[in-house]
Amino acid sequence: MKVRARFAPAPSGSLHVGNVRTGLFSWAFARHHGGEFILRVEDTDASRVTEEAYRGVLESLAWLGIDWDEGPDVGGPFEPYRQSQRLDIYREHADRLLASGHAYRCYCTAEELDARRKAALAAGRPPGYDGRCRVLTEEERAAHEAQARPSALRFAMTEGEHVLSDLVKGEVRFPPGQLGDFVIVRSDGSPVFLLAVAVDDMLMGVTHVIRGDDLLASGPRNAAVIQALGGTPPVYAHVPQVLGPDRQPLSKRHGSTSVEAFREQGIVPEALMNYLSLLGWSKDAETTLVSREELIASFDLDRVSSNPAAFDTAKLEWMNNHYIQTLEDDDLASRCVRFLTEAGLLVDPVLLGRAMPLVKERMKTLAESVELLRFLFSDDVEPNEKAAGLIEKAPEGYLAAATERLETLDPWTAEAIQEALDGLAESAGLNRTKGWQPIRAAVTGSNVSPPLPQSLELLGRDRTVARLVGSAR
RNA sequence: GGUCCCAUCGUCUAGAGGCCUAGGACACUACCCUCUCAAGGUAGAGACACGGGUUCGAAUCCCGUUGGGACUACCA
């Protein structure tokens, strides 16, 4: 049987990394088994869903390197792929469940439900739905209808113990009475997630549902609905949540949590995918670096961990630096352009490409290219505090001497510059560190920069000299 | 409250009864390299939550405790 896996994000706000991690697992699973990967958008909660968020979700996934065979944008044999466009389908299946006796009308109001739930809790009983409307007599039902009392549709959950054979959690047993009857259609006629997911998974021929373990208890419910509809439930795999550094579920208050946010910080998709894939899954005992191809080749559910993982930004950044180092100069340069121009720098593409070898092992994120390369693309190099201090401490006339030396240097190459700088330091009785730092400060405006001779070569003689003159006392 | 899930270095993990004086990676510390900052190299410190069993032998199996988390909605 061909594997059909899916990812079903709700496009409210941006795509959360914890969420996308389960999507990544689902995708990798499908690809590994040569199956199909479906993207379905769960946008029934119209209030919170915006068109912008919808597009953002698709874009974030594509950026990360996840592709799908069927989805709202590419279509497929089971269109439409947006739940908001499938309302008639849910209604039809809800009617079938009602007709077959698998669902019933519930006339309880929110207030009644709430009161009974509290009472049950106080009495030490499970607070789930008590099944009152399940056993309504014809007369009672008729009476409710005569009053035109609004009703929701509730699924009559199968009695007894429920067992979910989960690919990650193993056999999970829910004791009788624990999983009560749940609403599948609200009194306003809108379908509830529990119904929509089951119907979609069934209709779309999904064979494997890989999702967060906050939905573990939904497993038996989804399966029961599908069974009542005459379908065969998919196999479920519930992967643990991603936590923040404080071991609370990862959320906005932990800082960046969306794919989009990491992208804007200059995290490279290769790194994010690699990092996320290792959050709850391992290739083997040793491997830390896993490419997209290797992930597809080796991913399977049997090596997915069943305990929750905490998100560690430091490791992500280390990995990001690793991938940045592996990129071709032109590729890296083109990825940096956006950050540089957004910082107001005027980028010369040729210069930028040539500068990459100097900065690629110094960047944890693409955004850091801005500080590293500011001196190259802006002539506003007002020294920062430390740089000012270095210039201050330089021997009398040192920068003037440097100016003189470099003004006539030929050829203007890193090698020649290095020689000149060394000669300069030596004649002032300074070592390299002491001798070069004032020059670095004067030319770049900072105490930290890429290697000096190479930096000066790129900057060019005229700009270098102009800055030295500007700083000389 | 009830049910369920989870429990190895600070973090991600390897480990499916003897291969474990517990392996790898990030972070950390020291040293090397070095024009600053990085990168890189070498070394080091660092964990089986606790208590009972089972067994010749347990990180690995069972029970309990503790601690986290989820669910218990006309949210998804």
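Per chain, numbering begins at 1; letters A, B, ... match sequence-line order.
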For [X] and [N], what is the distance between atoms [atom1] and [atom2] respectively, to the nearest whole Å?
| X | N | atom1 | atom2 | answer |
| --- | --- | --- | --- | --- |
| A:Asn274 | B:rG24 | CG | P | 19 Å |
| A:Asp130 | B:rU72 | CG | P | 16 Å |
| A:Leu243 | B:rU13 | CG | P | 10 Å |
| A:Tyr275 | B:rU13 | OH | C1' | 11 Å |
| A:Asp213 | B:rC5 | CG | P | 11 Å |
| A:Phe155 | B:rA73 | CZ | C1' | 18 Å |
| A:Leu289 | B:rU13 | CG | C1' | 15 Å |
| A:Leu278 | B:rC26 | CG | P | 12 Å |

>> Enumerate the ring-ring contact (aromatic ring centres under 6.0 Å, His included) contacts for residues 154-201 of chain A, please, sequence neighbours excluded, ordered by first and then second residue.
In response: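 Non-adjacent pairs meeting ring-ring contact (aromatic ring centres under 6.0 Å, His included): A:Phe155-A:Phe182.
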Is it true that atom [atom1] of [X] has more than 12 heavy atoms of other residues, nucleotides or ligands lying nearer than 6.0 Å?
| X | atom1 | result |
| --- | --- | --- |
| A:Gln147 | CD | yes |
| A:Glu161 | CD | yes |
| A:Glu426 | CD | no |
| A:Lys360 | NZ | yes |
| A:Glu328 | CD | no |

>> Please report the distance separating the P of B:rG69 from the corresponding atom of B:rU8, rounded so that it comes out in whole Å.
In response: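 Rounded to whole Å, the distance is 15 Å.
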> When rounded to the nearest Å, what value does the distance between P atoms of B:rG46 and B:rG10 take?
Replying inline: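 One P to the other, the span is 11 Å.
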>> From C-beta outward on A:Ala10, which listed nucleotide comes closest to its side chain: B:rA70, B:rA76, B:rU11?
In response: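 Nearest to the side-chain atoms of A:Ala10, counting from C-beta on, is B:rA76.
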> With respect to the side chain of A:Phe193, which nucleotide from B:rC4, B:rA25, B:rA76 is positioned closest?
Replying inline: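 Nearest nucleotide to the side chain: B:rA76.
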Determine the minimum heavy-atom distance between [X] and [Y], stating which atoms define it.
| X | Y | answer |
| --- | --- | --- |
| A:Leu340 | A:Val370 | CD2-CA, 3.7 Å |
| A:Ser218 | A:Leu194 | OG-CD1, 3.8 Å |
| A:Cys108 | A:Leu113 | CB-CD1, 3.3 Å |

> Can you find a side-chain donor-acceptor pair between A:Glu317 and A:Asn321 that sits under 3.5 Å?
Replying inline: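 No pair is found: no donor N or O on one side chain lies under 3.5 Å from an acceptor on the other.
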>> Checking base pairs now: Watson-Crick or wobble, both atom distances under 3.5 Å. What partners B:rA30?
In response: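 Checking every strand shown, B:rA30 finds its partner in B:rU42, with both distances under 3.5 Å.
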> Base, sugar-phosphate alone, or nothing: which one does A:Gln248 contact when heavy atoms must sit under 4.0 Å apart?
Replying inline: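 Sugar-phosphate contact only - A:Gln248 comes under 4.0 Å of backbone atoms but never of a base.
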> What's the spacing between A:Arg335 CZ and A:Leu327 CG if we round to 0.5 Å?
Replying inline: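 The CG atom of A:Leu327 is 4.5 Å from CZ of A:Arg335, to the nearest 0.5 Å.
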>> Using ring centroids (six-membered ring only for Trp), state whether A:Phe311 and A:His254 fall under 6.0 Å.
In response: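 Ring centres of A:Phe311 and A:His254 not closer than 6.0 Å.
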>> Just checking A:Trp281 against A:Phe299, ring centres under 6.0 Å apart?
In response: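 Yes, the ring of A:Trp281 comes within the 6.0 Å limit of the ring of A:Phe299, centre to centre.
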> Name the one of A:Arg132, A:Arg105, A:Arg134 that satisfies salt bridge (Lys or Arg N to Asp or Glu O under 4.0 Å) with A:Asp181?
Replying inline: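 Exactly one option meets the salt bridge (Lys or Arg N to Asp or Glu O under 4.0 Å) with A:Asp181, and it is A:Arg134.
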> Would A:Asp95 and A:Arg91 satisfy salt bridge (charged side-chain N to carboxylate O under 4.0 Å, His left out), going step by step from the backbone distance to the final call?
Replying inline: CA-CA 6 Å; A:Asp95 288 345; A:Arg91 200 156 299 139; over 6 Å; no
> Looking at RNA chain B, which of residues 302-315 of chain A put a heavy atom within less than 4.0 Å of it?
Replying inline: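 Nucleic-acid contacts, sorted: A:Arg303, A:Ser306, A:Asn307, A:Pro308, A:Ala309, A:Ala310, A:Asp312, A:Ala314, A:Lys315.
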> When you measure from every atom of RNA chain B, which of residues 170-189 of chain A have a heavy atom less than 4.0 Å away?
Replying inline: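 Of all residues in residues 170-189 of chain A, the ones placing a heavy atom under 4.0 Å from RNA chain B are A:Val172, A:Arg173, A:Pro175, A:Gln178, A:Val183, A:Arg186, A:Ser187.
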Please list, for nucleotides 21-23 of chain B, all pairs of protein and nucleotide N/O atoms separated by less than 3.5 Å.
from: B:rG23; atom 1: N2; to: A:Ala285; atom 2: O; distance (Å): 3.0

> Under the 6.0 Å and 45° cation-pi test, does A:Arg467 pair with A:Phe375?
Replying inline: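 Judged by the rule, A:Arg467 and A:Phe375 form no cation-pi pair.
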Tabulate atom names and distances for all N/O pairs under 3.5 angstrom spanning the protein and nucleotides 60-66 of chain B.
none

> Hey, mind stepping through A:Arg211 and A:Glu42 against salt bridge (charged side-chain N to carboxylate O under 4.0 Å, His left out) and telling me if it holds?
Replying inline: CA-CA 14 Å; A:Arg211 44 149 63 154; A:Glu42 306 210 326; over 6 Å; no
>> Pick the closest RNA chain B nucleotide for A:Arg117 and for A:Trp281 by heavy atoms, then say which residue is nearer the 5' end.
In response: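 Nearest-nucleotide comparison on RNA chain B picks A:Trp281.
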> Any side-chain N or O of A:Arg116 less than 4.0 Å from the OP1 or OP2 oxygen of B:rU72?
Replying inline: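 A:Arg116 to B:rU72 OP1/OP2: no side-chain N or O under 4.0 Å.
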>> What does the B/S/- profile of nucleotides 29-49 of chain B look like, 5' to 3', with a 4.0 Å heavy-atom cutoff to protein?
In response: ------BBBBS----------
